[in-house]
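Structure, as structure tokens:
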Amino acid sequence: MLDQLESGPWPSFVSDMKHQAEVRAKNEAGVQFQIPTDCVDDLLGVLELSYKHGRTHWKHGGIVGVFGYGGGVIGRYCDQPGMFPGVEHFHTMRVNQPAGKYYTTDYLRQLTKLWDMRGSGMTNMHGATGDIILLGTTTPQLEEVFWELTHNLDQDLGGSGSNLRTPADCLGSSRCEYACYDTNALCHFLTNEYQDELHRPAFPYKFKFKLDGCPNGCVASIARSDMSFIGTWKDNIKIDQDAVNKYIENDAAYPANAGAHKGRDWGPFDIQKEVINLCPTGCMKMDGKELKIDNPNCNRCMHCINVMPRALKIGDVRGCSILCGAKAPILDGAQMGSLLVPFVEVNPDNDYEAITEIIENIWDWWMEEGKNRERLGELMMRQGFQKLLEVTGIEPQPQHVQYPRTNPYIFWKEEEVPGGFERDVVEYRKHHLR
Amino acid sequence: MAFISSGYNPAKPMENRITDIGPRHYEEFYPEVIKKNKGKWAHHEILEPGVLVHVSETGDEVYTVRCGGARLMSTTHINEICDIADKHCDGHVRFTTRNNIEFMVDSKDKVEPLKNELKNRKFAGGSFKFPIGGTGAGITNIVHTQGWIHCHTPATDASGTVKATMDVLFDDFQQMRLPAPLRVSMACCLNMCGAVHCSDIAILGYHRKPPMIDHEYLSKICEIPLAIASCPTAAIKPAKVTLADGTEVKSVAVNNERCMFCGNCYTMCPSMPLADTEGDGIVLMAGGKVSNRISDPKFSKVVVAFLPNEMPRWPSMTDAITRMVNAYSNGANKYERLGDWAERIGWEKFFEVCELDFTHHLIDDFRQQAYMSWRQTTNFKF
């Protein structure tokens with residue numbers, strides 16, 4: 001059945017695997033395979049069987065790993081080892097990807113050479129969290145791969161289990177003019193600062209950092225990370241009025257939305273219709289040939305900047321917003337990140353201390369109060385947003401809510417009410433007969 | 001297959017051990033033009049589908065050719081990527097969050113030779129190795145999970161559903177004719193290790209039968225209290241069970257009517273498998289987004305409660321997706337994301353124009369948030 005996934009234009013993983021199986025069988029490179037040579041044939045065999053049955057043939061994971069680490073390796077065993085001995089033990093190793101996912105071919109070739117010899121030669125570039133996934137090796141090879149990674153490639157494993165998961169970022173200011181901070185630098189710093197939390201499970205459950213350079217959100221941090229760092233700015237959008245007029249004049253060097261709509265004839269660019277009328281806060285207008293932005297009323301959604309990148313630029317007072325508690329639906333439904341810090345500086349010169357202080361306060365609370373397998377977002381739901389503000393020492397502000405509460409069931413604290421909660425019912429009854 | 005030591009000594013695991021070194025430093029991997037112009041980029045343009053130019057304040061330019069790829073990738077394929085990057089890109093390459101491969105060059109005259117190198121390479125089966133596209137108002141690569149290739153909880157395959165879907169959406173990968181970007185994501189079970197719950201279109205594997213209980217082994221393999229606590233609807237309780245041979249064992253009982261088929265019990269207890277040929281299949285969700293552009297980020301909504309697993313190409317699923325993409329393409333305004341379009345025309349019209357059936361399964365009845373999704377106005381359309 002898998003053969004039928006070789007046709008069609010999109011790159012076929014089946015063709016790639018079949019080719020890989022042939023390359024291993026021929027072994028022209030003279031690799032001294034440390035796991036069964038035909039493991040890729042067997043991997044295709046297991047998958048074909050799943051296509052026939054409509055069910056997976058992988059067992060529940062086993063507890064395997066490298067000495068001293070509680071994450072980075074996911075045990076995996078086939079439930080039909082008699083039919084597919086080549087993948088009887090077929091564990092995954094997560095390799096911590098570099099920030100921004102740039103590589104040199106030297107590095108990638110070292111990695112493929114290692115994985116050809118000590119693993120299946122199958123990978124994911126990359127896993128959903130961001131790691132390079134090395135897919136399939138045997139238990140005795142785990143320490144060997146780890147040794148070679150750390151000694152020869154200067155490279156560590158990523159996270160799995162109830163750990164800090166490998167942080168992931170967009171490419172940030174390395175190749176994007178929208179980036180409000182250096183995501184690669186902060187991602188790399190946090191990954192290294194919290195190596196202990198990444199490798200040794202001490203948390204109630206998984207914890208994810210994701211870093212987006214701007215509110216466009218290319219790594220989806222707002223939807224899928226316990227702490228989401230989204231670049232933003234506080235001052236004014238910078239306007240090049242000459243460039244604005246080039247867009248209005250439909251100058252060919254100034255295509256709307258940086259050329260993203262070139263595949264259909266949408267008619268000539270119309271700034272009123274495409275920018276000003278779509279501004280969610282209505283804070284823009286044309287004054288003759290001049291574009292005016294009422295900056296204090298801008299919510300920095302990025303639309304106008306995306307449409308006219310040569311004319312409009314992010315402001316200069318830059319930092320990030322921090323949102324907390326996003327997660328996928330399991331168990332009690334999906335949660336979107338909730339804004340905790342509207343603006344914080346991203347300052348490498350003091351080791352990002354404004355950010356690490358918030359992280360560590362949140363972890364102290366979650367590790368103390370979080371139940372087994374309770375994500376940060378679920379703890380926030382259970383104990384309330386006020387508690388999150390309390391443990392982080394952040395003052396409540398209207399930016400924290402979409403709208404204020406619609407019920408008056410406020411849990412007043414005794415110290416907030418003059419005279420406290422202890423009262424004398426005898427004194428009360430002197431004035432209010434039973 | 002003689003064992004070859006890396007240098008690791010199992011008798012002394014701590015000897016010369018290196019730990020906690022983290023990833024390689026990103027700066028080692030930047031192409032020269034990136035290193036030189038980081039933080040100085042002035043603007044960019046998508047020159048044609050899959051080809052971008054970023055222009056620096058210094059006047060430098062970097063041209064990027066973006067290619068699709070299966071995230072399940074062999075070392076042979078990675079080595080081929082390296083060969084191309086060595087020949088054209090001074091030995092540098094990068095990957096995007098959505099599993100695309102980006103080849104970068106520092107001048108315009110290097111773009112055409114690179115494109116020619118990439119666009120005609122094919123696998124033996126006939127599919128492209130490096131299709132160029134995935135930019136702007138089109139459909140880029142699908143982020144996805146493991147599926148049947150390497151996971152114990154999936155309700156469908158990931159690589160196969162993605163291949164089948166990208167084959168039918170391929171034209172929109174290589175063009176930019178949609179009203180806005182359309183992001184498709186795939187997760188093969190509710191655990192969503194690839195979070196798909198905020199995608200324009202989400203493909204989700206789902207179970208529909210309560211767990212089977214392997215009574216003979218359950219108490220030997222599982223912590224019964226953890227299995228009970230794992231259930232979000234309190235459907236699991238302790239039970240004593242008499243096996244066929246008369247022995248009485250401790251186990252659990254499941255109240256099938258309360259099961260929402262999330263599989264969390266199986267995650268905690270391998271003696272409670274859910275996988276089933278007829279029970280398992282596909283849920284389609286639509287209308288989510290993560291960008292803050294124009295409107296707030298939002299969750300995807302369930303628009304098809306269930307489609308069977310139809311190996312190897314899932315035609316009912318790809319048909320439904322194609323109908324949604326076409327209806328959106330025909331109906332939405334420029335810059336309007338799928339979810340914003342559905343909200344503007346009303347979800348009742350969405351089902352009409354996408355020719356999707358509305359069934360009782362699509363009305364939320366899970367917990368308090370359900371109430372917020374019921375219609376609480378007379379502003380609806382017939």
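Below, each value reflects all heavy atoms present in this structure, side chains not excepted, and no hydrogens, waters or symmetry copies.
Panel note: side chain B/Arg94, backbone A/Gly100; a donor-acceptor pair is recorded below 3.5 Å. Formation of a donor-acceptor pair under 3.5 Å by the A/Thr56 side chain with backbone atoms of B/Pro154 is not found in this model. Looking only at distances, no side-chain donor or acceptor of B/Arg177 sits under 3.5 Å from a matching main-chain atom of A/Gly263. Judged purely by atom type and a 3.5 angstrom limit, B/Arg367 has no side-chain atom pairing as donor or acceptor with the backbone of A/Gly333.
For the 3.5 Å distance criterion, the side chains of B/His152 and A/Arg76 qualify, holding a donor opposite an acceptor. A donor and an acceptor atom, one from each side chain of A/His19 and B/Ser74, are nowhere located under 3.5 Å apart. Residues B/Tyr335 and A/Asn306 have side chains that never bring a donor and an acceptor to within less than 3.5 angstrom of each other. No side-chain N or O of B/Ser6 forms a donor-acceptor pair with one of A/Arg118 less than 3.5 Å apart. There is no side-chain donor-acceptor pair under 3.5 Å between A/Arg373 and B/Thr267.
A/Tyr103 and B/Phe29 have tilted rings, their planes meeting at an angle from 30° to 60° on a 0 to 90° scale.
Across every non-hydrogen atom of B/Glu45 and A/Ala253, the tightest pair is OE1-O, 4.3 Å.
The NZ atom of B/Lys38 lies 6.0 Å from the OG atom of A/Ser174; values are rounded to the nearest 0.5 Å. Remark: A/Leu153 CG to B/Ile21 CD1 distance equals 9.0 Å, nearest 0.5 Å. In this structure, B/Arg17 CZ and A/Thr150 OG1 are separated by 7.5 Å, a value rounded to the nearest 0.5 Å. Note: B/Gln175 CD to A/Lys262 NZ = 14.0 Å, rounded to the nearest 0.5 Å.
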Test side-chain hydrogen bond (donor to acceptor under 3.5 Å, both in side chains) on B/Thr64 and A/Arg175; report intermediate values, then the result. CA-CA 10 Å; B/Thr64 302; A/Arg175 205 196 63 198; 3.0 Å; yes
Any chance you could lay out the side-chain contact (heavy atoms from CB on, under 4.5 Å) test for B/Val162 and A/Phe13, step after step, and finish with the verdict? CA-CA 10 Å; B/Val162 166; A/Phe13 68 99; over 6 Å; no
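Using a 4.5 Å cut-off on side-chain heavy atoms (C-beta onward), B/Leu72 and A/Met17 make contact.
In this structure, the portion of A/Ile222 lying under 4.5 Å from any heavy atom of chain B is its side chain and not its backbone. For a residue to count as touching a neighbouring chain, one of its non-hydrogen atoms must lie under 4.5 Å from one of that chain's; by this rule A/His199 touches chain B with the side chain only. Heavy-atom distances place no part of A/Cys187 under 4.5 Å from chain B, backbone and side chain included. A/Val66 touches chain B through backbone and side chain together, each having a heavy atom under 4.5 Å away. Neither the backbone nor the side chain of A/Val145 comes within less than 4.5 Å of any heavy atom of chain B. Within the 4.5 angstrom heavy-atom criterion, only side-chain atoms of A/Asn192, from C-beta onward, approach chain B. Using a 4.5 Å cut-off between heavy atoms, A/Ile133 touches chain B through its side chain atoms alone. Using a 4.5 Å cut-off between heavy atoms, A/Ala179 makes no contact with chain B at all.
Heavy-atom pairs under 4.5 Å with chain B were tallied for A/Lys113, A/Met122, A/Gln32; the largest tally goes to A/Met122. Contacts with chain B were tallied for A/Glu6, A/Lys18, A/Gln195, A/Gln141; A/Gln195 has the most, counting heavy-atom pairs under 4.5 Å. The most heavy-atom pairs under 4.5 Å with chain B, out of A/Val46, A/Leu149, A/Thr191, A/Asp182, come from A/Asp182. With chain B as the partner, the residue from A/Ser120, A/Cys301, A/Gly259 showing the most heavy-atom pairs under 4.5 Å is A/Cys301. Comparing A/Gly217, A/Ser221, A/Ala99, A/Pro309 by how many heavy-atom pairs each has under 4.5 Å with chain B, the most go to A/Ala99. Taking chain B as the reference chain and counting heavy-atom pairs below 4.5 Å, the highest number among A/Glu274, A/Lys273, A/Met302 is found for A/Glu274.
Of the residues A/Leu108, A/Asp116, A/Leu114, the one that meets the side chain to side chain contact (heavy atoms under 4.5 Å, CB included) test with B/Thr75 is A/Asp116. Considering B/Phe128, B/Phe173, B/Phe123, B/Phe130 as possible partners of A/Trp10, the one that fulfils the ring pair (Phe, Tyr, Trp, His ring centres under 6.0 Å) test is B/Phe173.
Looking at residues two or more places apart in sequence or on another chain, you find no disulfide bond (SG atoms under 2.5 Å apart) involving B/Cys198. Not a single side chain to side chain donor-acceptor pair (under 3.5 Å) links B/His25 to another residue, sequence neighbours left out.
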